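Data block below; observations after.
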Number of protein chains: 2
Amino acid sequence: MQDDTREQLLESATRLFAAKGFYGASLAGIADELGLTKQALLHHFGKKEKLYAEVLSRISDRMLECVEAARSAHDAPADQLLEALQGIYALSSEAPHETRILVRELLDSERRASEVRSWYLKPFLDALVGITRDIAGKKNLGNTEALSRIYPLLGAMSYFVVSDVVLRQMYGKANYTRMQRRFPEEIREQVEALAASLA
Amino acid sequence: MQDDTREQLLESATRLFAAKGFYGASLAGIADELGLTKQALLHHFGKKEKLYAEVLSRISDRMLECVEAARSAHDAPADQLLEALQGIYALSSEAPHETRILVRELLDSERRASEVRSWYLKPFLDALVGITRDIAGKKNLGNTEALSRIYPLLGAMSYFVVSDVVLRQMYGKANYTRMQRRFPEEIREQVEALAASLA
DNA sequence: ACCCTGACTTACCGATCGGTAAGTTCATGG
DNA sequence: CCATGAACTTACCGATCGGTAAGTCAGGGT
């Protein structure tokens with residue numbers, strides 16, 4: 001039953017880390033959302049860093065899961081890639097908080113690097129690289145080349161998801177919704193072009 | 001001569017805002033880089049918000065300049081778009097700090113929105129949308145549709161530039177350099193595909 | 001000689017940060 | 001019936017934050 005509190009604390013933390021970043025989000029602020037004190041938070045997680053690490057690993061787990069589900073759902077690597085990327089988009093589109101945290105992780109990596117290795121994204125990236133190399137098939141595509149091909153796609157997705165607030169402010173909610181609905185189609189076109197250029 | 005101090009303060013501020021974000025970068029830290037006190041900083045800029053605003057507008061000015069230079073350098077809109085995007089990539093690739101700040105602006109917009117309207121990017125985006133609509137020519141392309149086409153490109157660029165530290169850590173400096181060199185070609189392919197699909 | 005203005009300093013303020021210490025409350029199981 | 005441990009609380013700590021107040025000090029115009 002009291003695991004529930006822990007769960008809720010993790011959700012508050014996810015929301016606030018996404019909105020304000022690691023240093024901007026305060027323990028007191030996170031705990032306040034549930035009417036608790038920051039010491040309750042520290043009781044469950046010990047240190048702010050540990051709370052953050054748990055939030056981060058939970059997000060990257062979900063991402064990796066999504067790619068592996070796509071892998072086992074299809075035989076053709078091109079289909080796997082399409083399903084994986086559209087799945088990730090669906091995931092991060094309905095939970096933009098998590099995407100925001102991952103992008104923040106890119107920005108803060110310079111400082112965090114000394115404290116904690118933060119390669120939470122690596123298994124996820126490697127899985128995508130694997131699929132891409134499968135598409136290329138026998139003509140041996142290097143890791144770096146494969147990464148060069150999918151990284152722009154990933155970047156376009158993350159950047160768009162993370163731009164939701166600003167785009168809505170600048171061009172209106174209706175226009176953003178239209179872009180949002182169109183986006184999976186944009187992904188499909190890109191993936192098909194990529195598969196065609198590799199096959 | 002003492003304008004020089006102001007200039008150097010702006011550069012320190014840009015570097016630290018990029019590395020730590022608005023709330024993570026302290027006035028004392030920025031001033032320390034020049035061996036000054038935070039009060040010297042406040043003497044020049046009054047408030048932290050004003051310092052930040054100046055940093056931001058200086059960046060967006062440079063971006064907009066780049067697009068307009070591309071506009072007047074070519075006749076064909078497709079050439080304009082290619083030059084504009086490759087110019088922006090060159091710009092943000094050699095000054096990743098500034099790109100980091102712009103991406104942070106996307107992430108922090110939720111809170112800042114109440115304090116300051118931060119649409120520094122809007123003129124820049126509108127200029128790109130204008131070029132894109134020119135490419136479509138007489139078949140009237142809506143603003144939203146044009147934006148939907150170029151935003152992924154912009155996202156891919158920004159995301160890649162901002163990933164420099166992490167990618168270097170994960171895949172090695174040599175591999176990142178290879179990706180970096182390849183990237184303008186990636187942009188060219190994307191722009192040509194876009195122009196072809198619009199013409 | 002005078003003062004003024006711009007560039008800076010030291011000194012200080014209240015607020016807030018992450019974290020520690022020492023309880024209190026309460027359900028559970030021997 | 002009571003001991004134990006988990007789930008919290010209040011109280012406090014030193015550090016750091018942005019910002020204010022009041023000076024110091026050099027150079028230039030009158």
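The structure displayed is predicted, hence computed values, not measured ones. Proteins get letters first, then strands, A, B, ... in listed order; numbering begins at 1 in each.
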Looking at [N], I'd like to know if its phosphate oxygens (OP1 or OP2) sit under 4.0 Å from a side-chain N or O belonging to [X].
{"X": "A:T5", "N": "D:dC8", "answer": "yes"}
{"X": "A:H43", "N": "D:dT9", "answer": "no"}
{"X": "B:H44", "N": "C:dG6", "answer": "no"}

(Q) Near DNA chain C, counting only heavy atoms under 4.0 Å, which residues of residues 8-21 of chain B show up? (A) none
Q.
Among residues at least two apart in sequence or on other chains, which ones pass ring pair (Phe, Tyr, Trp, His ring centres under 6.0 Å) with B:F45?
A.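 B:F45 satisfies ring pair (Phe, Tyr, Trp, His ring centres under 6.0 Å) with no residue once adjacent residues are dropped.
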(Q) My understanding is that only residues two or more places apart in sequence, or in another chain, count here; which of them pass ring pair (Phe, Tyr, Trp, His ring centres under 6.0 Å) with B:Y89? (A) B:F183
When you compare the protein's N or O atoms with those of nucleotides 22-28 of chain C, which come within less than 3.5 Å of each other, and at what distance?
none

Q) In chain order, what residues pass the side chain to side chain contact (heavy atoms under 4.5 Å, CB included) check against B:H97, with sequence neighbours excluded? A) B:T14, B:R15, B:A18
Q | side chain to side chain contact (heavy atoms under 4.5 Å, CB included) involving A:H43 - partner list, sequence neighbours excluded | A | none
Q. Parallel, tilted or perpendicular: which describes the rings of B:F22 and B:F17, with under 30° parallel and over 60° perpendicular?
A.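 The arrangement is parallel - the two ring planes meet at less than 30°.
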Q | Relative orientation of the end axes in the helix from C:dA1-D:dT30 to C:dG30-D:dC1, expressed as an angle to the nearest 10° (five pairs per end) | A |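 It comes to 20° between the two terminal axes.
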Q) What one-letter contact string describes nucleotides 15-21 of chain C from 5' to 3', where B marks a base within less than 4.0 Å of any protein heavy atom, S marks contact via sugar-phosphate atoms alone, and - marks no contact? A) --SBBBB
Q.
Applying side chain to side chain contact (heavy atoms under 4.5 Å, CB included) to B:E83 and B:R71, what does each step give before you reach the verdict?
A. CA-CA 8 Å; B:E83 176 137 343; B:R71 263 212 116 141; over 6 Å; no
With [X] via salt bridge (Lys or Arg N to Asp or Glu O under 4.0 Å) - residues at least two apart:
{"X": "B:E54", "result": "B:R6"}
{"X": "A:R104", "result": "B:D108"}
{"X": "A:D164", "result": "A:R100, A:R168"}

Q | Separation of atom CG in A:D32 from atom P in D:dT9, rounded to whole Å | A | 10 Å
Q: Would you confirm whether B:S158, through its side chain, and B:G155, through its main-chain N or O, come within 3.5 Å as a donor-acceptor pair?
A: no
Q | Between A:R149 and A:S197: side-chain donor-acceptor atoms closer than 3.5 Å | A |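 The answer is yes; a qualifying pair exists.
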Q) Picking from A:L9, A:D32, A:L36, what satisfies side chain to side chain contact (heavy atoms under 4.5 Å, CB included) with A:L41? A)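 Among A:L9, A:D32, A:L36, the one that satisfies the side chain to side chain contact (heavy atoms under 4.5 Å, CB included) with A:L41 is A:L9.
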(Q) With salt bridge (Lys or Arg N to Asp or Glu O under 4.0 Å) as the rule and sequence neighbours excluded, what pairs involving residues 19-30 of chain A come up? (A) none
